[in-house]
Structures are given as structure tokens and as C-alpha cells.
Amino acid sequence: MNVPSHVTQLLKALRTAGFTACPVGGCVRDSLLGRRPSDWDLCTDARPQQVKACLSPRWRTVDTGIAHGTVTVLTRGGPVEVTTFRVETGYTDHRRPDGVRFVADLKEDLARRDFTVNAMALDEEGIVDPFGGRADLEAKVIRCVGEPAARFEEDALRILRALRFAACLDFAIEPATLAAARAAAPTLSRVSAERVFTELDKLLLGRGAGRVLAECGDILARVIPAVGPCLGFDLHSPRHDRDLWGHIARAVSVAPARREVRWALLLHDLAKPECFVLDAKGFGHAPGHAARGAALAREVLTELKAPGSLVRAVEPLVRWHDTPMPQDVAGARRWLGRWGWPMLRDMAAVKRADLQAHASTPVIRRRMEETARFERLAAQAQRRGDCVRLNQLALKGSDLMDAGVCGPGPRLGRLLSAALEEVIEGRVNNDRADLLAWAGTQKR
Ligand code: ATP
Ligand code: MG
């Protein structure tokens, strides 16, 4: 295993002082999977004060959670958390232990961890794996350490962590673990909005996100109530070969793994049940669901305390997901001017994923072609640097005033906007002389 030198140095310092110390948890799991761990956590039988005494003055430490046994060590390779072997006691709030007790034995510490794949350590002899984590990694399974119902009962966050790891590692959730997660789902109300958001955010970007969503809609509905009515909802449409939730999960799974795009797809159709009507032929429609869905998306994300930047990006992606995209250069330029290229790219990605999650009918195939054509036109305009905004126009207000075409005032602004429109439509070149000549022909 490739333990980086900033970590081996800490291990050596602790071991030389006579303590046990080993990498544990996510870093062991990721290393065995051949992935680069995002961070290295260590566990040790040294008490926090002993850890500090042993490592100083060579390393600076931060008292992250001394009472819980955690000291953060600042190394050249980044911060490393060193936590004393511990067991946790009394989860009366379904979320946090009432207390922790330090223990001498690594195995006891591993036993308090959530899933077998997260309950391995690397000691001087090799992998310490008392719960079959390696076998579960091979089998691609998320399984609780110990009795699943008890583990979810202790800490409801583990329910979302199970879904998140299943999505990110693209693993299945072992049936007894999944059944217990399902049964414990009502306790999710105890998990803070910020924690829910963080887990969902990671889950959505996972390779297995669509599969996990499809399988665990009922659990999701506990943290996003608007999901509930979508489960099993029949859209009564030849364009859909799945129920509404199946459609949403599929759309997420075929989308590129970009945060805004995946969130928008999760939320894009949540307003369909409330906007739903059947026509005289028995076909389903949901007029206004995009606008209502945009408002709902904002509500959901705000409730989850998502970052404002995400809310601001997702809202229009949902609002516009059902609007036909322009099929001519001028239209593509107008959208580019309004939204900018990164947003347009996301809009097209949302649209494509949404369409791909439909039945392949002639109408759907035509819309796919339209989306592709729009993307092509917009990408070309972007690459060429076409003028799509006033600040790209070769004509400034001062040019119009200097040439005596127009004085300051509202007409100046109107003239510049009209000039931009001429350029976007391709009727006048984005050239100062051409634009001044054009302006001269405009009525006062
Ligand atoms: P990553 O950092 O890649 O998200 P990780 O496995 O390192 O994954 P962390 O949240 O950093 O996850 O937690 C580190 C370790 O602590 C986990 O591997 C697990 O052993 C344990 N752990 C974390 N949260 C819980 C929890 N709620 N219940 C039980 N054990 C937990
Ligand atoms: Mg970690």
C-alpha cells in the first residue's frame, strides 16, 4: 500500500514512542480499491495529550476534538487526523453519541465504524479486517458492521452514508443493511439539513447515483418530501416507459457528473404530480411544471441549506428544462448573451439527459436532434467570439454622442440595444463604422 511519507513519518514517531498507530477507514478502503485517498486518518492507543506530546515540537497540532480523541496534525502533506481508539456510548438522539470512552484495542475501535469496507486498518503486519471488509470490497457490497438495525438506530446519518457510498463506489447495499436503512428512515428527521445536503451532494455525483435513487426513492422522500408523490407515479404518456421517479433516476444516471446538472435533474420534474392533468384521450400533461418546479427546487435547496451559488444555477436549469431551444444562429447567440457558455452547456446537458430518460419515440428523437443542433450553434458562436452582449459591441454610447447621432438619455440605451440586435441577427457587422452608419439611418 502506498502510504505517503508525511503519514509514515507520523506513524514512525508514534510507534517509536511505544504506541500503536495505523491508517484507518476511508484511506485503507480507497487504497485497496486502487484509488487515491482524499485524506489519511490515523488511529492510535495514545491519548490526545500523549499524541501531542509525542509529536511536538516537530509538528504543529490543532485540538479538533480532544474530548472525542481527535487531534489534527499539520504536516507538509496536509492535515492528518489522529484519533484515539474509542467506543461510543448512548445515542439517545439518533445522531450523536452521548459520550465516548477510550479503549486500548484497535478491534473495539473498528467495531464502532459504520460499514465493513470502512472498518479496516493497516498495522505493521498488514490489513486488520475483523468484519470482512475486504471480501465486501471484492463483492462490491455496503454492509453494516454488526447488527444493521442497531447501527442505524444509533446514528441516522449512516442511512444516507450507506446510499452515498453505494452511489460513489458503485456498490450494492447488502439486503439486510438496506432493509434496516429503510425501516430506520423516519429517524432521518434528526439529521441536520447541512449533513443531509453534504451526503446527497456526494451521492448525486457518484457513478451509481441513478441506480441508488431508483432503489431508494422512499428513503429520499424522507429528506425531500416532494419526492414522495413521484414514486410509482404513472405519467400516462407513450413518451415515458418508466414511472416519474424512475424517469428522474434514469435522467440523473445518464447525465454528466456535474453538480448543478445532477441536482437540476433530481429536482426537474418534482412538480409534475401537482401540475398533472389527463386530456380527453387519457394522455397525461403537466402544464406549468417547469416554472413550479423551479420554485420548488429553490425551496428544497434552501431548506437543505445548499450554497446560494448552487441554488442560483439550478433554478434556471429547472425553469428552462422544458423550453424548446432555438434552432438558428441568432437565437443561439441570444441565449448565449443571456446565460453565458457554462450555463448553456449545463442547460443542454440537462435537456439531453431528460430526453434520454424518455421512451425513444419520433418526437423525443427529434428533440434530441434539436438539442444537439442548438449546442453546435452555441458552441460555434462561443468559439468564434460572436458579439452577443452589449459589452462586446464595437459601438459605445460615447461613439454615438461624439458623432452627434444621439445625446445622453434613454434613447441612447435603446439605440445600443437595437444595434446589438442587428449584429446578433447578422444584418450589420460588429464594426464601429458600419454600426455608426446604421445608427445614422435610425429615426429620431
Ligand atoms: P470520505 O472521506 O472519502 O468521504 P471516509 O470513509 O473517510 O470517506 P469519513 O466521513 O471521513 O469517511 O469518516 C472516516 C471514517 O470514520 C469512516 O471510514 C468510518 O470508519 C468512520 N465513520 C465516519 N462517520 C461515521 C458514522 N456516522 N458512523 C460510524 N462510523 C463513521
Ligand atoms: Mg475521510
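We count ligands from 1, going down the list as the structure has it; atoms in each ligand are counted the same way. All of these numbers come straight from a predicted model, not from anything done at the bench. For the numbers below, each heavy atom of this structure counts, side chains included, while hydrogens, waters and symmetry mates do not.
The protein non-hydrogen atom at the shortest distance from atom 20 (O) of ligand 1 is N118 O, 2.9 Å. In this structure, atom 21 (C) of ligand 1 lies nearest to the protein heavy atom R113 NH1, 3.6 Å. Of the protein's non-hydrogen atoms, R29 NH1, 2.7 Å is the one closest to atom 6 (O) of ligand 1.
If you look at Y91 next to ligand 1, there are no close heavy atoms at all, none under 4.0 Å. Contacts between D114 and ligand 1 below 4.0 angstrom, taking non-hydrogen atoms only, involve backbone and side chain alike. For R164, every heavy-atom contact with ligand 1 shorter than 4.0 Å involves the side chain, none the backbone. The side chain of R158, and not its backbone, has at least one atom closer than 4.0 Å to an atom of ligand 1 (non-hydrogen atoms only; side chain from C-beta on). In V24, neither the side chain nor the backbone holds a heavy atom less than 4.0 Å from any atom of ligand 1.
Inspection of the S253 and R211 side chains reveals no N or O donor paired with an N or O acceptor under 3.5 Å.
Note: F115 and F152 have tilted aromatic rings, judged against thresholds of 30 and 60 degrees for the angle between ring planes. Ring planes of H247 and H240: perpendicular class, angle over 60° (limits at 30 and 60°).
Each of the atoms 18 (O) of ligand 1 lies under 4.0 Å from some heavy atom of G25. Atoms of ligand 1 lying under 4.0 Å from any heavy atom of D41, numbered from 1 in the order shown and given with element: 14 (C).
Residue contact annotation: F165 has a non-hydrogen atom under 4.0 Å from ligand 1. Using a 4.0 Å cutoff on heavy atoms, E154 does not count as a contact of ligand 1.
Looking at R161, E199, K202, it is R161 that brings a heavy atom closest to atom 10 (O) of ligand 1.
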Chi angles and distances behind the side-chain contact (heavy atoms from CB on, under 4.5 Å) call for D109, T84: CA-CA 9 Å; D109 180 90; T84 308; over 6 Å; no
What verdict does the side-chain contact (heavy atoms from CB on, under 4.5 Å) test give for I127 and M1, after you've listed the backbone C-alpha separation in whole Å, the side-chain angles of each residue and the deciding distance to 0.1 Å? CA-CA 10 Å; I127 304 287; M1 205 172 280; 3.5 Å; yes
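Distance OG1/T323 to CE/M347: 8.0 Å, rounded to 0.5 Å.
Of the listed residues (T177, D136, T116), just one forms a side chain to side chain donor-acceptor pair (under 3.5 Å) with R143, and that residue is D136. Checking R352, Q380, R345 one by one against E375, the side chain to side chain donor-acceptor pair (under 3.5 Å) holds for a single residue, R352. The only option from L296, L301, T302 that meets the side-chain contact (heavy atoms from CB on, under 4.5 Å) definition with E299 turns out to be L296.
Between Q50 and T44, every side-chain heavy-atom pair lies at or beyond the 4.5 Å cut-off.
Between D155 and ligand 1, an N or O atom pair is found at a separation short of 3.5 Å. Considering backbone and side-chain atoms alike, G26 places an N or O below 3.5 Å from some N or O of ligand 1.
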